[in-house]
**Q** 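The structure that follows is given in the form of C-alpha cells.
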2 protein chains.
Amino acid sequence: MAKDPTTPAPVTSADVARLAGVSRATVSFVLNGTQTHRVSDTTRARVLDAARQLGYVPHAAARSLRAGRSNLVLMPASVSAVGRLVSNWVDDLHSELDRHGYIAVLHAGRFPDAVTAARAWAELRPAAVLAMDGDRFTPQAADLLRRAGVQALLAFAAEPVKGAHTVAFDHRRIGAAAAEHLIARGRRGIGVVMPQERGLDAFARLRLAGVESVVARHMATVTPVDLAYARQSVTDLAKRWPSLGLDAVFAYNDEYAALLMGALQDEGISVPDDVAVVGADDLVPSALLNPPLSTVRLDLPSPAEVADTLHQLIERGSAPVLHGMSPVLVHRGSS
Amino acid sequence: MAKDPTTPAPVTSADVARLAGVSRATVSFVLNGTQTHRVSDTTRARVLDAARQLGYVPHAAARSLRAGRSNLVLMPASVSAVGRLVSNWVDDLHSELDRHGYIAVLHAGRFPDAVTAARAWAELRPAAVLAMDGDRFTPQAADLLRRAGVQALLAFAAEPVKGAHTVAFDHRRIGAAAAEHLIARGRRGIGVVMPQERGLDAFARLRLAGVESVVARHMATVTPVDLAYARQSVTDLAKRWPSLGLDAVFAYNDEYAALLMGALQDEGISVPDDVAVVGADDLVPSALLNPPLSTVRLDLPSPAEVADTLHQLIERGSAPVLHGMSPVLVHRGSS
DNA sequence: CTCCTCAGGTTACACGCGTTAACCAGCATC
DNA sequence: GATGCTGGTTAACGCGTGTAACCTGAGGAG
C-alpha cells in the first residue's frame, strides 16, 4: 500500500512483540526494565533480539503523551544572538540536561509578539522553557505556557518575572561596570553601541540603562550609537565618529568592540588615545587584539547548577534562587 | 487531586468542547478550518471564543501521532560549532521552514557514535534531519532513522551519502583554495590549524585534506598544528612557532585566524612578512583586522532553497540536487 | 404523504505507548 | 481436594488528536 518504497512502515513495539512471539506489554516490560513484573530470561532475550533486529526506537511523543509529561527542555533563542561566550555555556547545559534524562532543544523562530511565541512553544508541550531573554515571559505568555502543562519557566532577568523562576542576571550592571571604569579613567563623552541585530535589542537597552544610571551621578554624557554587524555600517560609523565628540565607547560586547576598534583605527583614530573602547564577555581573542581589549567579564551560573535547578523545578515545582556573579571589569590596553 | 497547585490540569480540546457546548469533533473542525464539514457561524464563534478564553493550544505530539507524520525538522549541531557565518544562515533557515509550517529545532547533544546519535534523534520522530556534518549519517544510522519514519535526510557533504539527500559541499575545496593561493604567493611551508573543539574535527580533517591534495603537486610541505580556542593554547603555539619553520598558515576559519594572528604578532612575528595567514568564512570583522585578513569565502545554498528542498523531500520523497557555489579566495593584507 | 437531499452535528476509532487488573499454570500447604 | 502463592503473560484502557461514518431534522420534489 505504501506509495513510497523508500519509506517502509515505521517500526512499532507491536512489530517487536509480533517478531518475538509475545504481547506488546511484555515488550514494554523488557525494554523499560519494569521491576514489578518479572520476565523469564529466555523471553527477555527474544524481545531484545527482536528489537535490535528491527532497529526499534521508542516514540518519544507517544510515550510522553501517555505519561502525561515530556522530557523536552526548550530554549528559545536565535543562534546568532547567542554570542561566543554563551554558546559554550549552552552546549554544556545541553550535556548536563542530557545527564538528567532531558532532551534540550534550541528553537530560533522569530515571532511578532510574546504571546504568539508562547503559543508556538506550548505546542511542543516541553517540560520546561528556559529563556535567556527574561522579558519574553509576559504575564499572559507565562499563563499560556502553564495552562499548556509546561512545568517550569526559567528566566534570566534582573527583576523577578511573574509566573516564572528567575535567575538574577542584570544586564544593567554590565553597562554600569563599563561606565564606572571609563569615568574613573577620566573619560566624559561616552558612546554606547546599540546593535541592530535581532534578539539583541532587549539586552542592549538594559546595558545602556546601566551606563546612564552611572553617568547621571557624574559630569558626563551618554550617546547611543546604532551599529549593525556589517562592514558598511561600521565604516560609516567610523567616518562620522569625529563629529560625535566622544572620547569613550562601551561597545555592547567584545565582538562589536573588535569590529568598531578595527574600523576606527582604519580611519586614523587612535585607541585608547582618541577614544577608549570597552567590550563585554571577555572572549578569547580579546586579549590578543591590538591594543588588548578592556572588557567586562560576566559569570553565568554554572550549567550544572542551572540543570539542577531546572530539574527540581520540574519535579518539585520549586527550587532555590540562582545568582550569577557580579560583572567585573578587566582592564587592558584599549582604555 | 493535583498535588501542585501551580500546575492546573492542562487544557485539552475536550475542555474547549465542553465550554462551547459542542462535541470534540466540531472543535477540531473549527480550529483546523476543515472544509469537508460545514459548521454554522454561531457555533464556530462559540468554539473560537471558548478556545481563546481557555488559552487552548493544540498538542503537537498528539496531532502528529494521529496524523502519522510530524512537522519537526531536527538539526543536530553543537551551538559553538556553528560559526558566525553559519549562525545567520541557520536563523534564516529556521524562518524559512516556519513559513512552510515546520518547526525547526537545534539539538546539541554529544554522542559516542553515529548510531546512538541516530537513536536519540529518532525518538523525536522528526519529519526531517538536516546534518551540516554529512558523515553523521552512516549507513546504519540512516537506516535506523528511515525505519523510525523520518521522511527526509539531508546531508551537507562532498560525496553523495548513502540513504540521504546530499547537498554538495566540499570542505576540501576550501583548503585547496587557500593552499593554491599561498603557493601562488611563493609560500612553501604551510601550517594548517586543526581546531580541538567538539564537532569541528570532521570539517578540519577535510580542509586539511584539501590543502594536502594541492601541496602534493608542488614543492611544498604541510604541517598540521593543533589549536584549542583558548588563550593558553594559542600563546603556547605562538611561542614555539619559530621552531616549526613555516612561512604560511591556513587557520581553519577567520575566528581561529584572528586568534592566531594576534598571538603571533604579540610574539614579534610579522604578518605577512614572516608568515602569511589565511582564514575562511569571510566574517565581518576580518577585513578590519590589522593587517586585513585574507580569507576563503564560501557560499552556502540559500536558506530558501534548502527549505524548499526539504519540503519536497518530505512531500514527494525526492528533490533536485542543490549546489553551493565554489569557494573563492579573497586576497587581503595578511598574505 | 413519502422519499430524497443536505446542512449541522455527533459517535467511534486509530495513532504508539505504559500500566494495571485479571488470568493461568504450577507447586506447596492445610 | 480445596486454598493460597508465585512467576509469567495478556486484554483493556487512556493520553489528545483528526476524521470517516453515521445520525437528525428540516425543506423541497414527486
Side-chain angles (χ1 to χ4, degrees), chain A residues 1 9-18 20-47 51 54-72 122-127 147-150, chain B residues 1-2 9-18 20-47 50-51 54-72 122-127 147-150:
Chain A
M1 265 305 178
V11 178
T12 76
S13 77
D15 297 325
V16 177
R18 202 156 18 237
V22 297
S23 81
R24 229 169 30 70
T26 305
V27 171
S28 177
F29 291 148
V30 171
L31 265 43
N32 298 319
T34 311
Q35 300 294 348
T36 60
H37 286 75
R38 301 198 58 79
V39 176
S40 76
D41 288 352
T42 64
T43 50
R44 157 171 289 109
R46 276 222 312 283
V47 168
L54 293 174
Y56 170 73
V57 175
H59 192 309
R63 170 179 294 182
S64 31
L65 182 59
R66 160 69 214 203
R69 59 193 185 128
S70 80
N71 61 114
L72 206 67
E123 285 192 18
L124 293 176
R125 295 290 193 281
R147 290 205 192 187
V150 178
Chain B
M1 268 305 175
V11 178
T12 76
S13 76
D15 297 324
V16 177
R18 202 155 19 236
V22 298
S23 79
R24 227 173 31 71
T26 305
V27 171
S28 176
F29 292 146
V30 170
L31 263 43
N32 297 319
T34 310
Q35 300 294 347
T36 59
H37 285 74
R38 302 197 58 79
V39 38
S40 75
D41 288 352
T42 65
T43 50
R44 157 172 289 110
R46 276 220 314 283
V47 168
L54 293 175
Y56 170 73
V57 176
H59 191 311
R63 170 178 294 183
S64 24
L65 181 59
R66 159 68 214 203
R69 62 197 183 122
S70 80
N71 59 92
L72 205 67
E123 284 192 19
L124 294 176
R125 296 290 194 279
R147 291 204 193 188
V150 178

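Every value quoted in this text rests on a predicted model; they were computed, and no experiment measured them. First the proteins, then the strands, lettered A, B, ... as listed; each starts at 1.
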**Q** Can you find a side-chain donor-acceptor pair between A:Thr34 and A:Thr36 that sits under 3.5 Å?
**A** no

**Q** Please report the distance, rounded to the nearest Å, between CG in A:Asp15 and P in C:dG16.
**A**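 These atoms are roughly 9 Å apart.
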
**Q** Check the surroundings of atom CZ in B:Arg69: do more than 12 heavy atoms from other residues, nucleotides or ligands lie under 6.0 Å from it?
**A** no

**Q** Go through C:dG9, C:dC17, D:dG16 for me and flag the one nearest to the B:Leu65 side chain.
**A**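 The answer is D:dG16, which lies nearest to the side chain.
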
**Q** Please tell me which of A:Ser13 and A:Thr36 maps to the more 5' nucleotide of DNA chain C, matching each residue to the nucleotide holding its nearest heavy atom.
**A**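 Between the two, 5'-proximity favours A:Ser13.
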
**Q** Could you give the CD-to-P distance, from B:Gln35 to C:dG8, as a whole number of Å?
**A**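 The distance from CD of B:Gln35 to P of C:dG8 comes to 14 Å, rounded to the nearest Å.
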
**Q** Tell me: NE2 of B:His37 to C1' of C:dG8, nearest whole Å?
**A** 10 Å

**Q** Map B:Arg125 and B:Arg44 onto DNA chain C by nearest heavy atom, then report which one ends up closer to the 5' terminus.
**A**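 Taking each residue's closest nucleotide, the earlier one in sequence belongs to B:Arg44.
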
**Q** With DNA chain D as reference, determine whether A:Ser40 or A:Arg24 sits nearer its 5' end, using the nearest nucleotide of each.
**A**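 Taking each residue's closest nucleotide, the earlier one in sequence belongs to A:Ser40.
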
**Q** Nearest of C:dT10, C:dC17, D:dT10 to any side-chain atom of A:Ala62?
**A** C:dC17

**Q** Check A:Thr12 against A:Tyr56 and note the closest heavy-atom contact, atom names and distance.
**A** C-CE1, 3.5 Å

**Q** Less than 4.0 angstrom between a side-chain N/O of B:Ser28 and OP1 or OP2 of D:dG18, yes or no?
**A** yes

**Q** With rounding to the nearest 0.5 angstrom, report the CZ to OG1 distance, A:Arg38 to A:Thr43.
**A**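 Rounded to the nearest 0.5 Å, the CZ-OG1 separation comes to 11.0 Å.
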
